[in-house]
Amino acid sequence: MSDSTGDLDALVDNEMSAAATAAALREHGTGVLSLARGGEAYAVPVSFGFDGERCYFVFIGYHEPSTKTTFAESTERATLTMYDVDGRDDWHSVSVRGPLTRLGEDDWPAAREAIGDNGWYPGLFRRADPRGRIDLWALDAEEVTGYESG
């Protein structure tokens, strides 16, 4: 059995700069949003836009109550994890932590611009009922960390 401690120690030297994490968030429009309610965790794949200070998400309600919305409303501090893996020695990941806030109509223009730059929506969204609930959420990027292969 080999000692993997050396591999973990190498990550210390692989921390991404603030500029590199911001670039990765702007270039990749998908990730996993982790939410919590009490002692229960909920993680969901999302598309997002990043404007340098916030990550924006659109939640489309297919049914009420929406699990995603219920957890988002209960989460004090959410985490978005974006990652890109091209191989064992070619990868990077960025985590964004902060409060998650439901936004109002005045915030749609900024969110549309950020999401339009790198977000994408799977075909599932085309089948959404346009009369259903569509909410805009933002994650304030209070803490951003990133690591990459060496």
Side-chain angles (χ1 to χ4, degrees), residues 8 11-12 14-150:
L8 295 176
L11 282 177
V12 172
N14 293 16
E15 191 166 357
M16 295 169 69
S17 68
T21 58
L25 290 168
R26 283 191 174 98
E27 292 170 11
H28 301 279
T30 59
V32 176
L33 180 63
S34 298
L35 309 167
R37 180 180 62 192
E40 186 178 5
Y42 180 69
V44 60
V46 294
S47 179
F48 68 91
F50 180 66
D51 69 1
E53 296 179 14
R54 290 176 138 179
C55 294
Y56 294 94
F57 314 94
V58 176
F59 290 0
I60 297 177
Y62 291 97
H63 57 81
E64 290 293 330
S66 161
T67 304
K68 192 182 326 181
T69 298
T70 300
F71 270 82
E73 290 172 342
S74 299
T75 300
E76 291 180 31
R77 197 161 155 85
T79 301
L80 170 69
T81 302
M82 178 246 78
Y83 62 95
D84 188 32
V85 179
D86 289 326
R88 182 180 176 102
D89 297 318
D90 187 9
W91 58 268
H92 63 273
S93 65
V94 176
S95 291
V96 180
R97 296 187 70 209
L100 191 63
T101 308
R102 186 187 318 224
L103 302 177
E105 289 181 26
D106 293 346
D107 297 297
W108 277 96
R112 273 192 195 108
E113 184 175 336
I115 292 170
D117 286 343
N118 70 335
W120 64 275
Y121 297 97
L124 179 65
F125 283 14
R126 281 185 246 129
R127 292 191 303 268
D129 182 351
R131 297 166 298 182
R133 183 178 190 124
I134 299 175
D135 290 322
L136 176 64
W137 290 79
L139 172 63
D140 290 329
E142 289 185 345
E143 180 184 338
V144 180
T145 56
Y147 293 92
E148 61 190 348
S149 55

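Hydrogens, waters and symmetry mates play no part in the numbers below; they use all other heavy atoms, side chains included.
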| query | Taking all atoms of both residues into account, what is the closest heavy-atom pair of Arg54 and Ala138, and its distance? | reply |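 Here Arg54 and Ala138 meet closest at NE-CB, 3.8 Å.
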Quiz prompt | Distance-minimising heavy-atom pair for Gly104 and Leu136 | solution =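 For Gly104 and Leu136, the tightest heavy-atom pair comes out as O-CD2, 4.5 Å.
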Spacing of [atom1] belonging to [X] relative to [atom2] belonging to [Y], to within rounding of 0.5 Å:
X: Arg97; Y: Ser34; atom1: CZ; atom2: OG; result: 10.0 Å
X: Tyr147; Y: Asn14; atom1: OH; atom2: CG; result: 9.5 Å
X: Arg26; Y: Cys55; atom1: CZ; atom2: SG; result: 10.0 Å
X: Phe50; Y: Leu25; atom1: CZ; atom2: CG; result: 5.0 Å

Which is it for Phe59 and Leu33 under the side chain to side chain contact (heavy atoms under 4.5 Å, CB included) test, yes or no, and what are the steps along the way? CA-CA 12 Å; Phe59 290 0; Leu33 180 63; 3.9 Å; yes
Exercise. Is there side-chain contact between Thr70 and Arg37, with at least one heavy-atom pair below 4.5 Å?
Worked result: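 Counting from C-beta outward, Thr70 and Arg37 do come under 4.5 Å.
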Close side-chain approach of Phe71 to Val44, heavy-atom, < 4.5 Å: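 Counting from C-beta outward, Phe71 and Val44 never come under 4.5 Å.
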Determine whether Tyr56 and Arg112 satisfy the following criterion, side chain to side chain contact (heavy atoms under 4.5 Å, CB included), listing intermediate values before the conclusion. CA-CA 9 Å; Tyr56 294 94; Arg112 273 192 195 108; over 6 Å; no
Within the supplied structure, the quantity of interest is the number of heavy atoms (other residues, nucleotides, ligands) at a distance under 6.0 Å from [X] [atom1]; does it exceed 12?
X: Asp86; atom1: CG; result: yes
X: Glu113; atom1: CD; result: no
X: Glu73; atom1: CD; result: yes

- [ ] Would you check if the side chain of Ser66 reaches a backbone N or O of Thr69 as a donor-acceptor pair within less than 3.5 Å?
- [x]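 Yes, the answer is positive, given that a donor and an acceptor are paired below the 3.5 Å cut-off.
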Whether Ser93 side chain and Tyr83 backbone form a donor-acceptor pair below 3.5 Å: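 Looks like no, no N/O pair under 3.5 Å.
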